[in-house]
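Below, read A as the first sequence line, B as the second, and so on, with proteins coming before strands; counting in each chain starts at 1.
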Number of protein chains: 2
Amino acid sequence: MRTMSPPVGLPALNETDLVGQVARRLTEAIVQGRLPPGSKVVEAGIARELGVSRAPVREAARLLEQQGLLVAHPRRGFFVREFAADDIDEIYDLRLCVERHAAVLAARNLTPETRDMLRRQIEVLHEMADLDDPARQVEEDYRFHRLICEIAGNKRMLRLFDDLASELRMLIGLIGRLYDDPHEIARTHEPVLAAIEAGHPERIVAHVDYHIGHARREVGRLVRDIAPWPAAAK
Amino acid sequence: MRTMSPPVGLPALNETDLVGQVARRLTEAIVQGRLPPGSKVVEAGIARELGVSRAPVREAARLLEQQGLLVAHPRRGFFVREFAADDIDEIYDLRLCVERHAAVLAARNLTPETRDMLRRQIEVLHEMADLDDPARQVEEDYRFHRLICEIAGNKRMLRLFDDLASELRMLIGLIGRLYDDPHEIARTHEPVLAAIEAGHPERIVAHVDYHIGHARREVGRLVRDIAPWPAAAK
DNA sequence: TAATCGCCGATTGTCGACAGTTTAGACTTG
DNA sequence: CAAGTCTAAACTGTCGACAATCGGCGATTA
């Protein structure tokens with residue numbers, strides 16, 4: 001008689017993962033631009049607002065700190081990370097480094113299924129282009145790049161990508177509008193996929209470089225436009 | 001009359017960072033092989049042993065979790081990360097990806113001072129070779145590679161390197177002995193530095209690939225030798 | 001007038017406690 | 001004897017409390 005785990009693959013709903021929930025809420029608030037860069041994150045305030053005690057909030061804050069969204073000043077509290085021009089360079093440099101590698105690996109692992117997923121995602125990008133929803137557009141954009149990292153098959157690399165993406169989401173959220181024509185953005189993904197399908201490492205790297213370099217320049221330009229930052233409501 | 005801040009450069013002592021201290025102690029215990037992979041980290045136990053309460057221990061554990069040294073099973077606690085063959089591949093893959101980029105950037109930023117630091121570090125490696133202290137040897141080895149990341153000048157990349165290094169330290173700590181003749185190890189760093197000094201990106205990448213590939217093979221071999229892991233005192 | 005000092009409210013760091021869950025071991029049963 | 005069941009101890013997740021510390025504001029002084 002099998003009383004043990006009925007083998008239905010239900011992804012164990014962690015009902016009571018307060019820390020995770022708090023972390024998600026905080027992340028959300030940060031990338032959406034509430035809680036602007038430099039603003040202080042008051043533990044008690046967040047706790048009260050979410051109806052929990054300070055302990056889970058502190059742990060969540062530590063998570064976001066390690067993730068780079070918050071910085072901790074001992075005895076003074078957590079603050080939303082502020083971006084300097086250097087930071088943008090750093091993030092895109094690292095992203096370039098990661099995505100080059102990921103794309104080459106993805107090409108090596110590419111199967112008909114994963115290839116179709118990538119193609120489908122570019123279609124989604126085109127479909128999104130008509131909706132006027134920058135946040136969603138950005139999200140689907142990252143999903144394409146994330147897919148490449150997934151296909152590459154290195155879990156640590158995927159997590160690194162996610163961390164970088166959350167910093168970038170914050171940045172883009174601050175900018176508030178899209179840095180280019182949505183259809184244009186969708187189109188610029190096609191050569192990257194083509195290169196991956198072709199499977200020539202050098203060509204892959206070249207196209208990834210071009211694609212990310214483009215995004216970097218656009219973001220850099222827009223950031224310079226709106227700098228200094230939206231006032232940090234301390 | 002300047003009554004403002006007497007500009008004596010005192011490096012701000014943040015004595016009371018319990019969380020940081022606990023995190024360091026835990027890291028130490030893990031990479032030294034006490035707390036073997038798979039073993040449970042009992043909050044109350046650690047807390048009692050260190051004479052603190054559970055709150056700082058939990059926060060420190062969350063840090064190490066994000067860093068990849070611990071994994072959290074909700075409602076069951078924190079466990080020391082276990083390594084599979086895949087993990088080793090992943091870590092070295094990512095390391096390759098990072099260090100290639102770092103070395104190229106470092107070559108671009110190289111100054112006489114930083115070049116001398118690298119040379120000096122190789123000397124240190126040779127000096128260490130005669131002492132019979134594997135842990136120290138490994139430490140100085142990483143310090144060379146870390147220097148390259150520092151010179152590259154990307155703080156995020158440096159942090160990523162540190163994270164990878166702490167996982168590798170844990171691995172090496174488990175192996176317990178050095179995977180090669182110490183002098184040989186010291187020597188294998190020289191072509192890398194030479195390539196960086198020469199400044200040809202392709203040659204840099206080639207030498208970094210060779211150097212890291214070598215380490216990866218050696219570690220992989222030794223890990224296969226001693227697998228399955230030292231019993232996890234659960 | 002401008003810089004400094006000292007106090008007060010606000011906030012952090014840490015602790016001990018409690019409820020609910022998991023685990024281990026004794027016990028039962030086929 | 002194997003498999004299952006039950007019970008008690010151990011542990012985690014969360015909370016509220018308290019002391020230490022920080023930042024701001026007004027008083028003080030040159």
Please identify each residue that fulfils side chain to side chain contact (heavy atoms under 4.5 Å, CB included) with Glu123(A), with sequence neighbours left out.
Arg120(A), Glu127(A)
Sequence neighbours excluded, which residues qualify as side chain to side chain contact (heavy atoms under 4.5 Å, CB included) partners of Gln32(B)?
Glu28(B), Arg34(B)
Just how far, in rounded Å, is C1' of dT12(C) from CG of Leu70(A)?
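The distance from CG of Leu70(A) to C1' of dT12(C) comes to 15 Å, rounded to the nearest Å.
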Applying ring pair (Phe, Tyr, Trp, His ring centres under 6.0 Å), which residue pairs with at least one partner in residues 33-77 of chain A are found, sequence neighbours left out?
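Residue pairs with at least one partner in residues 33-77 of chain A: His73(A)-Phe79(A).
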Partners passing salt bridge (Lys or Arg N to Asp or Glu O under 4.0 Å) against Asp133(A) (at least two apart in sequence or in another chain)
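Checked Asp133(A) against salt bridge (Lys or Arg N to Asp or Glu O under 4.0 Å); zero matches.
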Can you give one letter per nucleotide of nucleotides 12-20 of chain D, going 5' to 3': B for a protein heavy atom under 4.0 Å from the base, S for sugar-phosphate only, - for none?
BBBB-B---
List in chain and number order the residues that pass ring-ring contact (aromatic ring centres under 6.0 Å, His included) with His145(B), two or more places apart in sequence or in another chain; answer none if no residue qualifies.
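Scan of His145(B) (ring-ring contact (aromatic ring centres under 6.0 Å, His included), adjacent residues dropped) gives His189(B), His211(B).
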